[in-house]
Asker: 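Questions regarding the structure given below will be posed in turn.
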Number of protein chains: 2
Amino acid sequence: MVVTTTGQGGGRRPPGLPTIKDVAEHVGVSFKTVSRVVNGDGKVSAQTAQRVRQAVEELGYVRNESARQLRRGRTGTVALLVRAVSDPFFAAICDAAAERARDHDLAVFVTSTHDRAERERELATAMAGRRPDGLVITPIAESQDYLQGVLDSGIPVVAIDRPARGIQVDAVLADNAGGVRDAVEHLLRHGHSRIGYLGDAPEIFTARERVAGFRSTAEVHGLGLREEEIDLARPDDERIATLLRRWRAAPDPVTALVTGNNAITMAALRELVDEPHPPALVGFDDFELADLVRPAVSVVAQDPAAVGRTAIDLLVERLRQPERPVRTIRVQTRLIPRGSGELTVGQR
Amino acid sequence: MVVTTTGQGGGRRPPGLPTIKDVAEHVGVSFKTVSRVVNGDGKVSAQTAQRVRQAVEELGYVRNESARQLRRGRTGTVALLVRAVSDPFFAAICDAAAERARDHDLAVFVTSTHDRAERERELATAMAGRRPDGLVITPIAESQDYLQGVLDSGIPVVAIDRPARGIQVDAVLADNAGGVRDAVEHLLRHGHSRIGYLGDAPEIFTARERVAGFRSTAEVHGLGLREEEIDLARPDDERIATLLRRWRAAPDPVTALVTGNNAITMAALRELVDEPHPPALVGFDDFELADLVRPAVSVVAQDPAAVGRTAIDLLVERLRQPERPVRTIRVQTRLIPRGSGELTVGQR
DNA sequence: CTGAAAGCGCTAACAT
DNA sequence: ATGTTAGCGCTTTCAG
């Protein structure tokens with residue numbers, strides 16, 4: 001459906017927005033005076049200031065940030081590279097980071113890498129061209145050493161979700177092992193001792209930390225793990241469905257599952273949702289509607305907002321103190337029991 | 001947990017990234033030659049070009065976009081204002097828009113307005129300061145006339161999700177009324193004639209279009225609507241739960257519901273999920289896991305990716321032809337039956 | 001094929 | 001309190 005009307009903007013050739021000079025001319029002062037008013041640099045009589053402000057309003061003057069940035073050397077921006085803004089975890093990080101950045105008069109520019117290493121580099125470089133005051137990245141590539149020059153030039157970098165490699169930078173990570181430990185101990189408390197683990201591929205940093213948490217917790221509690229009940233691979237509904245059927249058909253089947261990330265939790269749920277007696281389940285990462293599925297899904301929730309805020313905090317601190325030691329901050333996870341993790345062995 | 005190591009970046013004072021001049025000096029050519037190589041402006045001997053490229057690599061030169069933009073007048077960017085990137089609908093729009101923009105060598109800068117009118121204006125103005133080649137906005141404020149100057153200056157504006165007011169601009173909207181019509185007719189086909197409607201507050205454009213679709217469809221099919229079974233208000237779990245209990249306790253209760261947006265669908269589901277015989281339900285907007293709830297939720301799905309892509313297309317077309325008539329494009333919705341909408345009256 | 005000069009719009013430093 | 005001058009890093013003429 002197409003509604004036809006007149007063209008936009010009255011049809012003039014792009015005259016461009018007015019400049020500081022246009023405003024000055026309009027008022028009859030030097031363009032520097034306008035600059036002073038616009039920037040609140042004091043040293044302007046209240047009267048002139050008033051007239052300038054009026055002219056600014058009338059002409060619709062908006063300061064050209066490119067020019068300003070070029071002259072000042074800083075842009076007041078932070079570049080944020082995430083896996084995908086359409087991933088709720090990263091979306092929450094973006095919103096929280098933008099919010100916190102506002103408090104420091106910084107604007108956040110977000111880009112999605114879609115987990116492609118070459119795009120990470122491409123986008124980080126493109127962002128560097130815009131001379132952000134800082135760079136927050138979700139490392140994917142083998143190494144981030146290509147950022148050394150950027151770092152040396154005085155633009156701090158903060159890694160989130162996974163540590164950077166090949167460069168020494170601050171990082172904000174989740175307490176992956178601790179989260180899984182909580183999940184396992186929760187299941188143990190509810191009488192489970194045969195627990196299966198479905199994790200993402202071991203190339204992925206968080207996947208390694210999480211399964212390590214699983215193994216060590218199992219060891220601490222003297223659980224006899226069977227390697228065939230630990231699965232590490234890219235999420236794939238089909239594969240996971242098959243695997244679960246096999247596990248559950250075994251003579252001494254697992255009574256509980258821990259899933260290592262959201263996509264895997266979803267895949268497992270799709271397979272189990274219509275089972276009359278599903279195994280207990282605790283998923284890593286909370287998700288909307290976890291409380292609407294039956295049984296409601298217990299999860300280890302991350303705190304994406306804290307990750308986003310902390311990343312900005314680290315960046316700002318480093319801008320203030322470039323020499324301070326590099327830090328890695330772990331954001332705690334939180335176990336949210338909703339029922340699926342409480343299914344006891346007897347209930348099966 | 002804090003790991004302490006050495007500072008970042010070798011501890012030098014910010015020397016800034018190398019400039020075109022540094023590269024030129026390093027190679028022993030004029031800085032203009034470097035500019036030519038960097039921009040692929042031909043007219044450079046293959047040998048010089050090679051040496052320049054090597055120096056660029058060695059020094060880690062990245063073009064300063066602020067300087068470039070200042071001189072060229074265009075930035076190669078599009079500013080995108082959405083309600084919130086953490087809203088899955090808008091997140092999908094963002095990703096699709098960024099993808100499509102890449103094809104035109106445009107970078108998209110996203111900001112969230114969080115549905116606050118004053119922030120819409122504030123952010124749109126801040127974005128204008130960065131001189132984007134185009135502006136895509138999700139209108140919230142009463143009027144967008146404050147953008148007239150931006151428009152006149154040659155920066156096109158496209159409205160998404162809701163039309164802009166006070167300015168004549170292109171728009172990409174969903175077929176709201178059509179989507180609800182499909183929902184209602186789907187329910188009619190399954191034997192429902194007593195249908196309740198839960199919509200968002202009537203101040204909201206999409207809410208008005210959707211309830212209008214409900215009313216007109218009901219009329220076409222000769223359904224006798226009862227006004228007390230049409231509810232329009234900001235989503236509120238408590239209110240909706242109470243309302244539903246009342247509706248269902250009535251002597252001749254509704255057998256089916258249409259919910260006008262995602263938040264309302266969620267609220268209704270929370271109330272109905274544990275009912276043995278819930279009413280049929282069709283929600284406006286698809287959501288992840290709609291297939292995991294039992295019964296799986298039938299929805300009218302929007303196509304956010306199409307909205308994002310179309311917005312960029314309109315922008316690019318207008319950049320090419322500033323005088324073309326203003327257009328409003330409606331993106332079709334799609335009914336996805338999953339079970340909740342098929343519950344027949346007899347099944348209750 | 002390459003270079004020199006000018007200037008985009010702004011702010012910092014220095015006058016007045 | 002206001003104005004002048006210079007220059008940020010780059011691209012666009014215009015010459016060589």
Side-chain angles (χ1 to χ4, degrees), chain A residues 14-53 55-56 59-76 126 128-133 153-155, chain B residues 14-52 55-56 59-77 126 128-133 153-155:
Chain A
L17 287 167
T19 74
I20 209 175
K21 247 172 161 170
D22 298 324
V23 178
E25 218 161 88
H26 192 84
V27 181
V29 292
S30 93
F31 70 94
K32 176 66 226 190
T33 302
V34 177
S35 168
R36 284 201 177 96
V37 173
V38 171
N39 291 290
D41 267 10
K43 293 110 195 320
V44 178
S45 80
Q47 185 161 43
T48 341
Q50 184 46 42
R51 283 168 56 216
V52 168
R53 264 189 287 273
V56 163
L59 302 180
Y61 168 78
V62 186
R63 179 171 56 206
N64 184 323
E65 290 296 329
S66 291
R68 170 172 227 233
Q69 291 163 10
L70 180 57
R71 185 62 245 241
R72 299 185 64 194
R74 58 184 299 280
T75 56
R130 303 208 145 80
R131 301 293 189 274
D133 296 343
S153 81
I155 299 177
Chain B
L17 286 168
T19 74
I20 210 176
K21 247 172 162 171
D22 298 324
V23 178
E25 219 161 87
H26 192 84
V27 181
V29 293
S30 92
F31 71 94
K32 174 64 227 188
T33 303
V34 177
S35 168
R36 286 203 176 94
V37 173
V38 170
N39 292 291
D41 268 9
K43 293 113 197 315
V44 178
S45 79
Q47 186 161 41
T48 333
Q50 182 48 41
R51 284 168 56 215
V52 169
V56 164
L59 302 181
Y61 168 77
V62 185
R63 178 172 54 207
N64 184 323
E65 290 296 331
S66 292
R68 170 172 227 231
Q69 291 163 11
L70 179 56
R71 187 60 244 246
R72 298 185 65 196
R74 59 182 299 279
T75 57
T77 63
R130 303 209 145 80
R131 302 294 190 270
D133 295 344
S153 82
I155 300 177

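Within every chain, numbering begins at 1; the chains are lettered A, B, ... in the order of the sequence lines, protein sequences first and strands thereafter.
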Asker: Check the distance between dC1(C)'s C1' and Q47(B)'s CD and give it to me in whole angstrom.
Answerer: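 Distance check: Q47(B) CD to dC1(C) C1' gives 13 Å.
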Asker: Could you report the tightest heavy-atom contact between A24(B) and F31(B), atom names first, then the distance?
Answerer: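 For A24(B) and F31(B), the tightest heavy-atom pair comes out as CB-CA, 3.4 Å.
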Asker: Could you tell me whether the phosphate oxygens of dA1(D), OP1 or OP2, come under 4.0 Å of any side-chain nitrogen or oxygen in T33(A)?
Answerer: no
Asker: Please name the pair of heavy atoms, one in R131(B) and one in P18(A), separated by the smallest distance, quoted to 0.1 Å.
Answerer: NH2-O, 4.1 Å
Asker: Please list, chain by chain and in numerical order, all residues satisfying side-chain hydrogen bond (donor to acceptor under 3.5 Å, both in side chains) with T77(B), sequence neighbours excluded.
Answerer: T75(B)
Asker: Tell me: CZ of R74(B) to C1' of dT11(D), nearest whole Å?
Answerer: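 It works out to 14 Å between those atoms.
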Asker: Scan residues 23-30 of chain A against DNA chain C and write down, sorted by residue number, each residue with any heavy atom closer than 4.0 Å; if none is found, say none.
Answerer: none
Asker: Any side-chain N or O of S45(B) below 4.0 angstrom from OP1/OP2 of dT2(C)?
Answerer: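 Answer is yes, contact under 4.0 Å.
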Asker: Please round to the nearest 0.5 Å and tell me the distance separating atom OG of S66(A) and atom CZ of R68(B).
Answerer: 12.0 Å
Asker: Over all heavy atoms of both residues, which pair between I20(B) and Y61(B) is shortest? Give the atoms and the distance, please.
Answerer: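 What the structure gives for the nearest pair is N-CE1, 3.5 Å.
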Asker: Hey, are the side chains of V34(B) and V27(B) touching, using non-hydrogen atoms and a 4.5 Å cut-off?
Answerer: no
Asker: Side-chain contact test, heavy atoms from C-beta onward, threshold under 4.5 Å: evaluate it for T19(A) versus N64(A) and give yes or no.
Answerer: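 No, too far: nothing below the 4.5 Å cut-off.
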Asker: Using the side chain to side chain contact (heavy atoms under 4.5 Å, CB included) rule, take R130(A) and Q69(B) through it: C-alpha gap first, then chi angles, then the decisive distance, then the call.
Answerer: CA-CA 10 Å; R130(A) 303 208 145 80; Q69(B) 291 163 11; 3.9 Å; yes
Asker: If a protein heavy atom is under 4.0 Å from the base, mark B; if only from the sugar-phosphate, S; if neither, -; do that for nucleotides 8-16 of chain C going 5' to 3'.
Answerer: BBBBB----
